[in-house]
Amino acid sequence: MAATNTEDPKVRLDKWLWAARFYKTRALAKEAIEGGKVHYNSQRTKPGKIVETGAKVSLRLGWQEKIVVVDDISDRRRGAPEAQKLYHETDDSVKKREDLAWQRKTMQAAQLPPARRPSKKDRRDIQRFRDQNGL
């Protein structure tokens with residue numbers, strides 16, 4: 001008797017990432033895996049790796065790095081609420097992402113532009129300062 005797909009679904013990693021809505025296309029998911037931006041159980045892998053429940057997948061998406069645990073397996077791309085049921089993010093990952101976001105925000109706030117353009121006197125003072133300090 002043949003096994004049904006509901007008992008033991010075999011889904012490639014690139015297809016699962018696409019179905020879980022981490023990437024818009026399977027080609028982008030494959031490119032990210034091959035580029036080393038996706039690790040399966042803390043190891044680099046290939047796009048054809050078969051996904052298992054309970055596995056840890058770490059993803060780098062732009063500035064963010066997420067570590068998710070596979071809860072369910074699907075090869076179909078559905079709406080975002082259903083896709084979020086395929087995985088859950090670890091608590092450490094959430095805390096780390098929030099800390100990094102806070103650091104980026106504070107760095108941007110520290111580099112605010114001046115309230116107005118420098119006057120002629122201000123420009124002379126700036127130039128004098130640069131000349132004295134060898135800048």
Side-chain angles (χ1 to χ4, degrees):
M1 202 155 85
T4 61
N5 284 346
T6 56
E7 291 177 9
D8 188 25
K10 294 189 178 191
V11 179
R12 294 168 49 108
L13 180 59
D14 61 345
K15 197 166 191 176
W16 184 84
L17 290 170
W18 168 77
R21 293 186 163 264
F22 288 111
Y23 298 98
K24 282 188 173 187
T25 63
R26 280 184 62 190
L28 288 173
K30 179 181 178 229
E31 193 175 301
I33 295 168
E34 290 173 345
K37 291 181 171 52
V38 178
H39 289 87
Y40 185 83
N41 286 334
S42 302
Q43 294 181 348
R44 283 188 73 161
T45 185
K46 294 183 178 179
K49 175 76 175 168
I50 302 299
V51 178
E52 301 168 346
T53 56
K56 281 189 177 182
V57 179
S58 59
L59 308 147
R60 184 169 307 164
L61 300 164
W63 292 99
Q64 299 178 352
E65 187 166 344
K66 291 183 179 184
I67 299 173
V68 297
V69 177
V70 178
D71 291 335
D72 198 8
I73 298 172
S74 175
D75 62 349
R76 297 193 176 229
R77 188 173 171 101
R78 305 210 186 251
E82 290 181 43
Q84 289 175 347
K85 294 177 184 174
L86 296 178
Y87 64 91
H88 71 274
E89 191 172 0
T90 62
D91 295 333
D92 292 339
S93 175
V94 172
K95 184 173 178 358
K96 188 175 177 182
R97 279 191 313 110
E98 288 173 352
D99 290 344
L100 289 174
W102 181 78
Q103 286 177 358
R104 281 196 310 274
K105 286 179 185 177
T106 55
M107 289 294 286
Q108 287 176 348
Q111 296 177 354
L112 289 176
R116 60 179 175 77
R117 291 178 54 187
S119 66
K120 193 170 185 177
K121 182 183 182 310
D122 293 336
R123 284 194 298 274
R124 285 186 191 134
D125 291 342
I126 291 169
Q127 190 61 42
R128 194 173 302 122
F129 176 78
R130 285 185 178 163
D131 290 343
Q132 288 175 354
N133 294 318
L135 299 176

Using a 4.5 Å cut-off on heavy atoms from C-beta on, say whether the side chain of [Y] contacts that of [X].
X: Val57; Y: Val51; result: no
X: Arg21; Y: Arg77; result: yes
X: Ser42; Y: Lys56; result: no

Membership question, hydrophobic clusters at under 4.5 Å side-chain separation (ILVMFWY): are [Y] and [X] in the same one?
X: Tyr87; Y: Leu28; result: yes
X: Trp18; Y: Leu13; result: no
X: Leu86; Y: Val68; result: yes
X: Leu61; Y: Ile33; result: yes

Task: Minimum-distance pair of heavy atoms, taken over all atoms of Trp16 and Asp72 - done: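 For Trp16 and Asp72, the tightest heavy-atom pair comes out as NE1-O, 3.1 Å.
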Task: For the student: nearest non-hydrogen atoms of Ala19 and Ala83, plus distance - done: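 It is O-CB, 3.7 Å.
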For the [atom1] atom of [X] and the [atom2] atom of [Y], what is their distance to the nearest 0.5 Å?
X: Asp14; Y: Thr25; atom1: CG; atom2: OG1; answer: 10.0 Å
X: Arg124; Y: Gln127; atom1: CZ; atom2: CD; answer: 11.5 Å
X: Glu82; Y: Gln84; atom1: CD; atom2: CD; answer: 11.0 Å
X: Ile50; Y: Arg12; atom1: CD1; atom2: CZ; answer: 7.5 Å
X: Lys46; Y: Lys30; atom1: NZ; atom2: NZ; answer: 11.5 Å
X: Asp122; Y: Arg117; atom1: CG; atom2: CZ; answer: 11.5 Å

Task: Lys66 NZ: over 12 foreign heavy atoms closer than 6.0 Å - done: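 Yes, the 6.0 Å shell around NZ holds more than 12 heavy atoms from other groups.
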Open item on the list: Within a 6.0 Å radius of atom CZ on Arg60, are there more than 12 heavy atoms belonging to other residues, nucleotides or ligands?
Closed with: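 Atom CZ in Arg60 is not crowded, with 12 or fewer foreign heavy atoms closer than 6.0 Å.
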Task: side chain to side chain contact (heavy atoms under 4.5 Å, CB included) evaluation trace for Arg123 with Lys120 - done: CA-CA 5 Å; Arg123 284 194 298 274; Lys120 193 170 185 177; 4.0 Å; yes
Task: Residues Asp125, Arg128: salt bridge by 4.0 Å N-O rule - done: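 Looking at Asp125 and Arg128, the cut-off is met.
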- [ ] Test Asp99 against Gln103 for side-chain hydrogen bond (donor to acceptor under 3.5 Å, both in side chains), laying out the working first.
- [x] CA-CA 6 Å; Asp99 290 344; Gln103 286 177 358; over 6 Å; no
